[in-house]
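Protein chains get the first letters and strands the later ones, always in sequence-line order, with residue 1 at the start of each.
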There are 2 protein chains.
Amino acid sequence: MSTLTTTSYALLGQLAYRPWTAYELAKGMAWNFDYFWPRARSLVYAEVKRLADAGFVKGEMSFVGARSRTTYSITSEGMQALRQWLATPPTVFGLEMEALVRVWLAGFGRREDLLQTLAHTQAEAEKMLRVADEVRAAYLEGHAPGQSHVHVRALLVDFLSSYAQLARDWAARSQASVARWRDIDRAGKESAALRKIRDAPGLAAHPDRRSKRPRTG
Amino acid sequence: MSTLTTTSYALLGQLAYRPWTAYELAKGMAWNFDYFWPRARSLVYAEVKRLADAGFVKGEMSFVGARSRTTYSITSEGMQALRQWLATPPTVFGLEMEALVRVWLAGFGRREDLLQTLAHTQAEAEKMLRVADEVRAAYLEGHAPGQSHVHVRALLVDFLSSYAQLARDWAARSQASVARWRDIDRAGKESAALRKIRDAPGLAAHPDRRSKRPRTG
DNA sequence: GACAGCATGTAATGAGTTACATGATTAA
DNA sequence: TTAATCATGTAACTCATTACATGCTGTC
């Protein structure tokens with residue numbers, strides 16, 4: 001066990017609250033991290049075993065009928081490792097968004113393909129907003145699973161809701177643009193494109209871009 | 001060669017413009033896709049070879065001194081595969097953002113660790129905004145590498161700039177919140193957190209949330 | 001008593017990364 | 001002529017995924 005991965009720390013973090021069975025951990029990974037650190041269920045089983053080998057968690061075996069089940073809890077070494085990691089700077093900053101790859105390549109496909117991609121993105125973003133609504137309601141009503149950490153979870157909710165809204169709005173306005181095209185070719189679309197590029201947010205603050213401005217194109 | 005990956009299609013897409021050497025392809029991957037489909041340089045060499053084995057691209061070997069160099073170009077089968085893929089629905093929608101994992105776990109670390117994570121995120125987002133500024137300037141001046149596809153690239157620029165702005169603004173306002181804390185514990189921070197959660201965007205449109213509203217908390 | 005769904009994993013495989021190696025080119 | 005940088009890969013490894021296997025539990 002040379003170094004732990006971000007996934008390892010996500011698991012350690014869940015175990016820092018209380019002991020979980022492997023199955024519960026897998027469910028928790030999906031519920032808590034899927035929108036910003038998605039991992040397959042089966043990886044959890046393997047990873048928590050690595051953590052046990054390294055002494056950061058310990059597993060207690062019990063039985064359900066003839067079947068064994070392991071409940072894991074964090075050790076003090078595990079807590080220490082978690083605390084140390086939290087003090088290091090983050091490494092990964094980025095998206096992984098296939099839809100954007102498709103947009104980059106859109107010129108080689110059909111206009112309808114692009115519209116489909118955008119519609120799909122909008123639908124996914126709206127699903128995310130609905131999930132966010134439920135999570136927000138749970139916190140506001142005081143019975144969210146992470147209620148004891150509301151003050152930090154609020155930062156997450158803020159980011160994820162804002163992101164989902166951004167994705168939805170972008171998909172919607174992009175669909176509106178593309179819907180006005182009659183094909184995927186460039187001809188006759190440059191000036192609108194350049195206007196969009198000019199109006200995109202830059203490093204300087206643009207408090208009310210996209211507001212009505214004199215049409216000078 | 002059973003199935004191609006998104007990375008394969010990203011490469012095919014670059015080759016759809018013109019032939020490239022493996023080195024140029026690797027540079028292009030970094031330049032064009034790093035912000036939404038980041039992949040290691042070495043993967044490009046392996047992947048383009050797979051594409052050649054499958055007949056989707058063909059490589060032409062030449063020499064620079066004693067050293068060989070391969071220039072790849074797309075075949076008609078490759079173009080066809082690309083077009084077909086563009087007609088399928090996208091699969092992946094999501095972030096992969098370590099910083100958010102750290103926020104989720106922040107309660108187990110120190111307040112300064114959280115501030116560091118947020119500052120790092122803000123710096124990265126600002127770097128991204130600077131890059132976006134350069135890209136936008138290149139398009140507006142008419143000499144961007146992808147100028148012939150401005151009309152679709154404008155959609156990308158729109159998304160990425162908006163995303164970078166979102167990340168920066170979130171990091172900034174979150175730092176402001178956390179700066180007001182004296183420790184990482186929950187005590188005394190609930191009501192502000194709940195206010196933040198309530199004000200986060202939901203499925204319904206909130207055109208001017210976060211505007212001044214009567215303080216009733 | 002069977003069928004659906006929950007629970008608990010293992011096996012095989014692959015996509016992707018880091019580290020290494022080394023030739024060519026350019027500037028000091 | 002050395003050092004830095006650009007160019008062109010290969011090798012070893014691991015993180016992660018998909019597919020499979022199988023036991024338990026409730027219900028019709």
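Between B/Leu156 and B/Phe36, some side-chain heavy-atom pair lies under the 4.5 Å cut-off. Looking at A/Leu4 and A/Trp85, their side chains never come closer than 4.5 Å, going by heavy atoms from C-beta outward.
Atom OH of A/Tyr45 and atom C1' of C/dC6 are 10 Å apart (whole Å). Rounded to an integer number of Å, the gap from A/Glu60 CD to C/dT8 P is 15 Å. With rounding to whole Å, A/Tyr9 atom OH is found 12 Å from D/dC15 atom P. Here D/dT17 presents its C1' atom at 14 Å from CD of A/Glu47, a figure rounded to the nearest Å. At whole-Å resolution of the value, CG in A/Leu43 and C1' in C/dA12 are 15 Å apart. Atom CH2 of A/Trp20 and atom C1' of C/dT8 are 17 Å apart (whole Å). Taking atom CD of residue B/Glu96 and atom C1' of nucleotide D/dT17, one finds them 13 Å apart after rounding to whole Å. The distance between atom CZ of A/Arg69 and atom P of C/dC6, rounded to the nearest whole Å, is 16 Å.
When distances are taken from the side chain of B/Arg50 to each of D/dT10, C/dA15, C/dT18, the shortest belongs to C/dA15. With D/dT25, D/dG9, C/dT18 as the choices, the nucleotide that has an atom nearest any side-chain atom of A/Val64 turns out to be D/dT25. The side chain of A/Tyr23 approaches C/dT8 more closely than any other nucleotide in the set C/dT8, C/dT10, D/dG9.
Although no hydrogens or angles enter the test, the distance criterion places no donor-acceptor pair under 3.5 Å between the side chain of B/Asp199 and the main chain of B/Lys196.
Comparing A/Gly65 and A/Arg39, the nucleotide of DNA chain D nearest to each residue sits closer to the 5' end for A/Arg39.
Taking 4.0 angstrom as the limit, A/Thr7 places a side-chain polar atom (N or O) nearer than this to OP1 or OP2 of D/dA16. Between B/Arg41 and C/dT17 there is no side-chain polar atom (N or O) within less than 4.0 angstrom of OP1 or OP2. Of the side-chain N and O atoms in B/Lys27, none sit less than 4.0 angstrom from OP1 or OP2 of D/dC6.
Remark: the A/Ser177 side chain and the A/Ser174 side chain contain no N/O donor-acceptor pair separated by less than 3.5 Å. Between the side chains of A/Glu60 and A/Thr70, no donor N or O sits under 3.5 Å from an acceptor N or O.
Among the heavy atoms of the strands lying under 4.0 Å from B/Arg67 is at least one base atom, whether or not backbone atoms are also near. If you check every strand for non-hydrogen atoms under 4.0 Å, B/Ser42 touches a base.
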